[in-house]
2 protein chains.
Amino acid sequence: MTYRVFIVDDHHMVIEGLRSLLGDEKEIELAGHATSVATCRAFLQRQLPDVILMDISLPDGNGMDLCREVRALYPSVFVIGLSTFSQQSFIHKMMEHGASGYLLKNATKEELLEAIRDVVKGKIYLSEEASQIMKKDNPPAVVLTRREQEVLALIAEGLTNNEMAQRLFVSTATIDTHRKNLLTKLDAKNTATLVRKAVQQELIQV
Amino acid sequence: MTYRVFIVDDHHMVIEGLRSLLGDEKEIELAGHATSVATCRAFLQRQLPDVILMDISLPDGNGMDLCREVRALYPSVFVIGLSTFSQQSFIHKMMEHGASGYLLKNATKEELLEAIRDVVKGKIYLSEEASQIMKKDNPPAVVLTRREQEVLALIAEGLTNNEMAQRLFVSTATIDTHRKNLLTKLDAKNTATLVRKAVQQELIQV
DNA sequence: ACCGGCATCCCCTATTTCGGGGATATTTTA
DNA sequence: TAAAATATCCCCGAAATAGGGGATGCCGGT
């Protein structure tokens, strides 16, 4: 049984590295590679690999969304996330979007092979770092409502309650309530802490 | 003339990729690789390559500092920074610390070879993205005084002027002045903007 | 010896945020 | 369909920040 593996990554060095690592494995057949979401889509319309090794950052999109798309359209294709970062948000999103595994780019050949073997069997493979991150009941992900997200973003942009109220066509009292709820949810006691924690938890992009 | 190239990167895939890309170039001789600052140091004590391809993030340190160290100890060795990120701070610091070039990991084989050829001649090689970042007279780096940095950090931690005054054994009026100066320097009109901009400009680490 | 930058302190007032409440209507969801 | 979540609005008062202004001493470098 040989597994057909497709690579999606915009770093030539990584593609070359993977080809070199996997190239002479009998059980692996390299189906090719793509350096963007678009070319990956194009490829999949013509043929399906067993496994896709997918970087999370692509020039024309991101691996998280692409992963969900692939899983929805081609349920037989397993996806392994690949990235330099061990940021929880990436790993979480990738897994939530149907990935079967996650590897950091410092993975060894053995880890790679093990991951591929595992996922084609329907198992989940997480690298050491990734599984640690998934395990640690990481900061019970704050859940913000749509409105709260909006207000949070505007706060970070420097708007006052008054300005936000005008912008969103509501009373300042409403904004004030949202603001208080944000402070509570993020366990912040003032705006400074609120913004810092929001950045930390990737609720706003800096 | 063949150039001896040494690789410092903690990502096996990247190392493999580089070996694969450069391995069969006649003008390149791969001197070896290291996956940490420590092993790099050890290697250099025994032999010197012409060029080091150096990742900016290493498990036991970072490429920026290592770069400076290498240039100080072995001026004949040229360093090319290597990373996934095109963050200005990295590129800047790398170049300030004596690097001769900077490549992103999506560089092609041609770029790699060109970079190596250039730097051994004493020239500077920057990838397209890197040079753009160096060029754009990037946000005229805000310069904060020692005290301002302290206060900024404490603001981001959520301390009020009063609390900071106590912590630093000065009057709240003093803190207030620093705070105003921070707002002016960072062109922020309130705390929220101040914190966000401070994070953006890496004046505080999140 | 002088100048500039820095840190320190003070005054004033207006605006904004924080910390408690409580209330009601509309969605969502279980 | 009933319960929960969300979004909306309001009150109060205390605390903190913002925006002006000005002033003094210290230290390092030319």
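Look at CG on A:Leu182: it is 11 Å from P on D:dA7, rounded to the nearest Å. In this structure, A:Leu154 places its CG atom 15 Å from P of C:dT16, rounding to the nearest Å. The NZ atom of B:Lys189 sits 8 Å away from the P atom of C:dT16 (whole-angstrom rounding). Distance B:Leu186 CG to D:dA18 P: 12 Å, rounded to the nearest Å. Whole-Å rounding puts the A:Arg179 CZ to C:dT16 C1' distance at 8 Å. Taking atom CG of A:Asp176 as the reference point, atom P of D:dG13 lies 16 Å away to the nearest angstrom. One atom, CG of A:Asn181, and another, P of D:dA7, lie 9 Å apart when rounded to the nearest Å. The distance between atom CG of B:Asp187 and atom P of D:dG19, rounded to the nearest whole Å, is 11 Å.
Considering only the side chain of A:Asn161, C:dT17 comes nearest among D:dT17, C:dT17, D:dG19. Of the candidates D:dA7, D:dT8, C:dC18, D:dA7 carries the atom nearest the A:Thr145 side chain, counting heavy atoms from C-beta on. For B:Arg146, counting side-chain heavy atoms from C-beta on, the closest listed nucleotide (C:dA7, C:dT8, D:dT17) is C:dA7. Picking from C:dC9, D:dT8, D:dT17 the nucleotide with the shortest atom distance to the side chain of B:Thr174 gives C:dC9. Of the candidates C:dC18, D:dT8, C:dT8, the closest approach to any side-chain atom of B:Arg147 belongs to C:dT8. Considering only the side chain of B:His178, C:dT8 comes nearest among C:dT17, C:dG19, C:dT8.
Heavy-atom nearest nucleotides on DNA chain C were determined for B:Asn190 and for B:Leu168, and the one closer to the 5' end corresponds to B:Leu168.
Between the side chain of B:Thr177 and the base of C:dC9 there is at least one donor-acceptor pair of N/O atoms closer than 3.5 Å. Residue-to-nucleotide contacts include a donor-acceptor pair under 3.5 Å from the side chain of A:Lys180 to the base of C:dG20.
For D:dA15, neither phosphate oxygen OP1 nor OP2 lies less than 4.0 angstrom from any side-chain nitrogen or oxygen of B:Thr160.
Residue contacts for B:Ser171: at a heavy-atom cut-off of 4.0 Å it reaches the sugar-phosphate backbone alone, with no base atom in range.
Between the side chains of B:Thr39 and B:Ser36, at least one donor N or O lies within less than 3.5 Å of an accepting N or O. Counting only N and O atoms by type, the side chains of B:Ser83 and B:Tyr102 include a donor and acceptor under 3.5 Å apart. Inspection of the B:Thr191 and B:Arg179 side chains reveals an N or O donor paired with an N or O acceptor under 3.5 Å.
Side chains of A:Leu182 and A:Ile155 form a contact here, defined as non-hydrogen atoms less than 4.5 Å apart. Considering only heavy atoms from C-beta on, A:Asn181 comes within 4.5 Å of A:Glu148 through its side chain.
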